[in-house]
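One structure is given here, and the rest of the page talks about it.
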Amino acid sequence: MLVLYILVTIGIIIMVILFIFFIYMIIMLIDEHFEGKFDYNFVRTSFVMTVAVLLMLSGLHWYNESLINNGDVLNGLILMMIGGVIAIGLLSYTIWKTNLIYAILITLLQLGISPLLIVFFVVMAGLKVLSALLSPVAEPVYIVDKD
């Protein structure tokens with residue numbers, strides 16, 4: 001029974017990795033299409049949209065916490081406003097570079113992949129912290145017998 005659990009776990013991990021690779025390939029194909037047709041960098045603007053979404057979500061959280069604790073809600077409102085201004089500016093830039101129909105499609109795609117990019121940010125930040133923690137421990141490698 002334990003072997004079955006291990007095989008199912010390995011299968012699930014492989015399916016998740018394949019799903020992530022499939023999503024990555026779709027995003028790269030979309031980026032190539034928009035780069036060729038409109039000279040519009042989809043991936044870079046998706047990161048900007050992710051920052052705007054994170055600002056709005058953190059502002060909403062701050063606002064709700066301030067309401068619960070009878071605190072000042074202005075900080076949360078300001079964060080939501082900054083995120084909204086960035087999102088609206090990015091939408092207008094997208095309309096300027098493409099057209100209205102493509103801009104709506106691109107914005108919906110960017111909002112759809114924002115959770116994936118947030119996970120990517122968290123993983124990259126964790127790897128950066130892990131790298132910083134383990135860098136003093138690393139020793140140089142020397143090749144003694146080189147042909």
Side-chain angles (χ1 to χ4, degrees), residues 1-2 4-141:
M1 197 67 169
L2 179 63
L4 182 63
Y5 287 136
I6 291 172
L7 289 176
V8 168
T9 304
I10 291 172
I12 291 172
I13 290 171
I14 289 172
M15 287 191 316
V16 167
I17 290 171
L18 288 175
F19 178 73
I20 291 171
F21 182 72
F22 178 70
I23 296 296
Y24 171 77
M25 291 305 295
I26 289 174
I27 291 171
M28 289 298 112
L29 287 173
I30 290 171
D31 185 46
E32 287 176 15
H33 173 72
F34 290 135
E35 187 73 34
K37 188 167 184 167
F38 298 111
D39 195 30
Y40 179 82
N41 193 333
F42 178 74
V43 174
R44 184 183 62 217
T45 55
S46 295
F47 282 117
V48 173
M49 183 60 81
T50 301
V51 169
V53 168
L54 282 173
L55 281 171
M56 287 188 281
L57 288 176
S58 60
L60 180 65
H61 177 71
W62 197 334
Y63 176 80
N64 287 333
E65 288 294 318
S66 296
L67 280 179
I68 291 170
N69 298 328
N70 292 328
D72 187 18
V73 296
L74 186 60
N75 294 330
L77 291 174
I78 289 174
L79 277 179
M80 286 190 288
M81 183 187 68
I82 291 171
V85 166
I86 291 172
I88 290 171
L90 186 61
L91 179 62
S92 63
Y93 171 75
T94 305
I95 291 172
W96 175 65
K97 289 292 271 189
T98 63
N99 57 33
L100 184 62
I101 294 172
Y102 271 106
I104 292 170
L105 175 70
I106 288 171
T107 304
L108 290 175
L109 284 172
Q110 287 172 339
L111 290 174
I113 67 170
S114 286
L116 297 173
L117 293 176
I118 290 170
V119 170
F120 175 76
F121 283 155
V122 169
V123 168
M124 288 297 122
L127 289 175
K128 183 67 178 172
V129 168
L130 188 64
S131 164
L133 290 176
L134 295 179
S135 63
V137 180
E139 296 285 333
V141 176

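Basis for what follows: all heavy atoms, side chains included, without hydrogens, waters or symmetry-related copies. Starting from 1, each residue takes its place in the sequence as its number.
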task: Measure the CD1-CD1 distance between Ile104 and Ile95 for me, rounded to the nearest 0.5 Å.
output: 7.0 Å
Heavy atoms of other groups near His33 NE2, more than 12 under 6.0 Å: yes
- request: List the atom of Glu35, the atom of Asn41, and the distance in Å for their closest heavy-atom pair.
  value: OE1-CA, 3.6 Å
task: Could you tell me which non-hydrogen atom of Ser66 sits nearest to which non-hydrogen atom of Val73, and how far apart they are?
output: CB-CG1, 3.7 Å
- line: Residues passing the side-chain contact (heavy atoms from CB on, under 4.5 Å) test with Glu32, sequence neighbours excluded, are Leu29
- request: Write out all pairs satisfying side-chain hydrogen bond (donor to acceptor under 3.5 Å, both in side chains) with one or both partners inside residues 73-101, taking only residues at least two apart or from two chains.
  value: Tyr40-Thr94
Point-to-point distance, once rounded to the nearest 0.5 Å, from CG of Leu91 to CD1 of Ile86: 13.5 Å
- prompt: Should the heavy atoms of other residues, nucleotides or ligands under 6.0 Å from CD1 of Ile101 be counted, would the total exceed 12?
  reply: no
message: To the nearest 0.5 Å, what is the distance between OH on Tyr5 and CD1 on Ile10?
response: 15.0 Å
Identify each donor-acceptor pair in which a side-chain atom of residues 46-58 lies under 3.5 Å from a protein atom, sequence neighbours left out, and give them as a table.
{"residue": "Ser46", "atom": "OG", "partner": "Phe42", "partner atom": "O", "Å": "2.7"}
{"residue": "Thr50", "atom": "OG1", "partner": "Ser46", "partner atom": "O", "Å": "2.8"}
{"residue": "Ser58", "atom": "OG", "partner": "Leu54", "partner atom": "O", "Å": "2.9"}
{"residue": "Ser58", "atom": "OG", "partner": "Leu55", "partner atom": "O", "Å": "3.1"}

query: Rounded to the nearest 0.5 Å, how far apart are OG1 of Thr45 and CZ of Phe34?
result: 9.5 Å
field: Contacts of Lys128 that satisfy side-chain hydrogen bond (donor to acceptor under 3.5 Å, both in side chains) - sequence neighbours left out
entry: none
query: Where do Leu90 and Gln110 come nearest, in terms of heavy atoms and distance?
result: CD2-OE1, 3.9 Å
message: Measuring from atom CG of Leu74 to atom CG of Leu79, what distance do you get when rounded to the nearest 0.5 angstrom?
response: 10.0 Å
- request: List in chain and number order the residues that pass ring pair (Phe, Tyr, Trp, His ring centres under 6.0 Å) with Tyr24, two or more places apart in sequence or in another chain; answer none if no residue qualifies.
  value: none
message: Under the rule for side-chain contact (heavy atoms from CB on, under 4.5 Å), what residues qualify as partners of Val129, not counting sequence neighbours?
response: Leu133
- line: Rounded to the nearest 0.5 angstrom, the CG-CG distance for Leu67 and Asp72 is 10.5 Å
